[in-house]
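Just so you know, ligand 1 is whichever comes first in the structure, and atom 1 is the first atom listed for that ligand.
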Amino acid sequence: MKIAMASDHGGLGLKEQIKKYLEEQGIEVLDLGTNSEESVDYPVYGKACGEAVMSGKADRGIVFCGTGIGISIAANKVKGIRCALCTDVPMAEMTRKHNDANVLAMGGRTTDPEMAKAITQKWLDTEFEGGRHQRRVDMLNQM
Ligand code: RB5
């Protein structure tokens, strides 16, 4: 699996830690920036990650900003993206099972790195349940 990753300056530190965590497991990462502490605009990076997933350059994406909120809104503007902001492991599990979330968002200033690793692992390991949830995902995709 190839994961596209993107952040603004507020999410940079956590992006780097999760990137390392994934690469240590042999997971390929497409790093779309940002790569410095200089202030940047999260919509640019959320859009880039969403487009990487929808174009097939990556299988799924993970985005970060200070809270995870702004960049999740940006990623969700890309048609076909279902980006879920997760702050705990049950959210990561349920958004894969029920929403087939193809992008995960987390906050670099609100979620500690150990929690972020646990959220990421659950989100990677959990399959979409399909069934009645497929109809709802189809409805999202038509919006
Ligand atoms: C940047 O200061 C901050 O607004 C951004 O990282 C994010 O938290 C927005 O939702």
Side-chain angles (χ1 to χ4, degrees), residues 1-129 133-143:
M1 183 183 295
K2 188 168 178 178
I3 304 288
M5 303 185 80
S7 75
D8 73 354
H9 53 290
L12 173 63
L14 192 58
K15 173 171 73 72
E16 293 305 307
Q17 292 184 70
I18 297 301
K19 179 181 174 183
K20 182 166 177 279
Y21 178 72
L22 295 177
E23 288 178 337
E24 281 171 357
Q25 297 183 50
I27 295 173
E28 195 180 351
V29 170
L30 174 64
D31 187 345
L32 299 167
T34 189
N35 291 306
S36 88
E37 302 283 349
E38 187 184 335
S39 180
V40 292
D41 299 325
Y42 59 79
V44 172
Y45 294 89
K47 180 172 186 268
C49 188
E51 289 179 345
V53 172
M54 293 315 296
S55 69
K57 286 183 188 157
D59 300 299
R60 292 200 219 159
I62 308 180
V63 292
F64 308 82
C65 65
T67 59
I69 296 171
I71 203 159
S72 67
I73 293 170
N76 275 316
K77 294 282 185 184
V78 178
K79 190 167 172 55
I81 290 300
R82 295 175 302 283
C83 177
L85 170 59
C86 294
T87 57
D88 63 25
V89 172
M91 292 172 79
E93 181 175 10
M94 295 314 293
T95 201
R96 285 291 310 134
K97 284 184 171 177
H98 287 193
N99 315 125
D100 197 16
N102 50 9
V103 177
L104 168 66
M106 293 183 285
R109 296 173 181 155
T110 55
T111 298
D112 79 65
E114 291 311 309
M115 175 59 78
K117 287 176 193 169
I119 288 169
T120 299
Q121 196 63 56
K122 182 60 79 174
W123 182 78
L124 288 172
D125 291 345
T126 306
E127 295 298 324
F128 178 48
E129 280 183 353
H133 304 295
Q134 184 63 62
R135 183 179 71 251
R136 295 160 184 167
V137 168
D138 290 343
M139 290 168 78
L140 289 174
N141 287 338
Q142 284 164 15
M143 290 168 121

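Ionic pairing of Glu23 and Lys20 is not present here: no N-O contact between side-chain nitrogen and carboxylate oxygen is shorter than 4.0 angstrom. A salt bridge links Lys15 to Asp31: at least one charged side-chain nitrogen sits closer than 4.0 Å to a carboxylate oxygen.
The single protein non-hydrogen atom nearest to atom 3 (C) of ligand 1 is Arg109 NH1, 4.0 Å, given as residue, atom name and distance. In terms of protein heavy-atom proximity, atom 7 (C) of ligand 1 is closest to Cys65 SG, 3.3 Å. Nearest to atom 4 (O) of ligand 1 among the protein's heavy atoms is Tyr42 CE2, 4.4 Å. Taking atom 1 (C) of ligand 1 as the reference point, the nearest protein heavy-atom neighbour is His9 NE2, 3.7 Å. For atom 10 (O) of ligand 1, the nearest protein heavy atom (residue, atom name, distance) is Gly70 N, 2.9 Å.
Atom SG of residue Cys49 and atom CG of residue Asn102 lie 9.0 Å apart, to the nearest 0.5 angstrom. Put simply, CD on Glu28 and CD1 on Ile3 are 10.0 Å apart, with the number rounded to the nearest 0.5 Å.
Across Ile71, Thr110, Thr67, heavy-atom proximity to atom 8 (O) of ligand 1 is greatest for Thr67. By heavy-atom distance, the residue among Val40, Asp8, Asp41, Ile73 lying nearest atom 6 (O) of ligand 1 is Asp8.
Side-chain atoms of Asp138 and Gln142 form no donor-acceptor pair, as typed in the model, at a separation below 3.5 Å. For Gln134 and Glu129, the side-chain atoms include no donor-acceptor pair closer than 3.5 Å.
Close N/O approach between Gly66 and ligand 1 is found [any backbone or side-chain N/O within under 3.5 Å].
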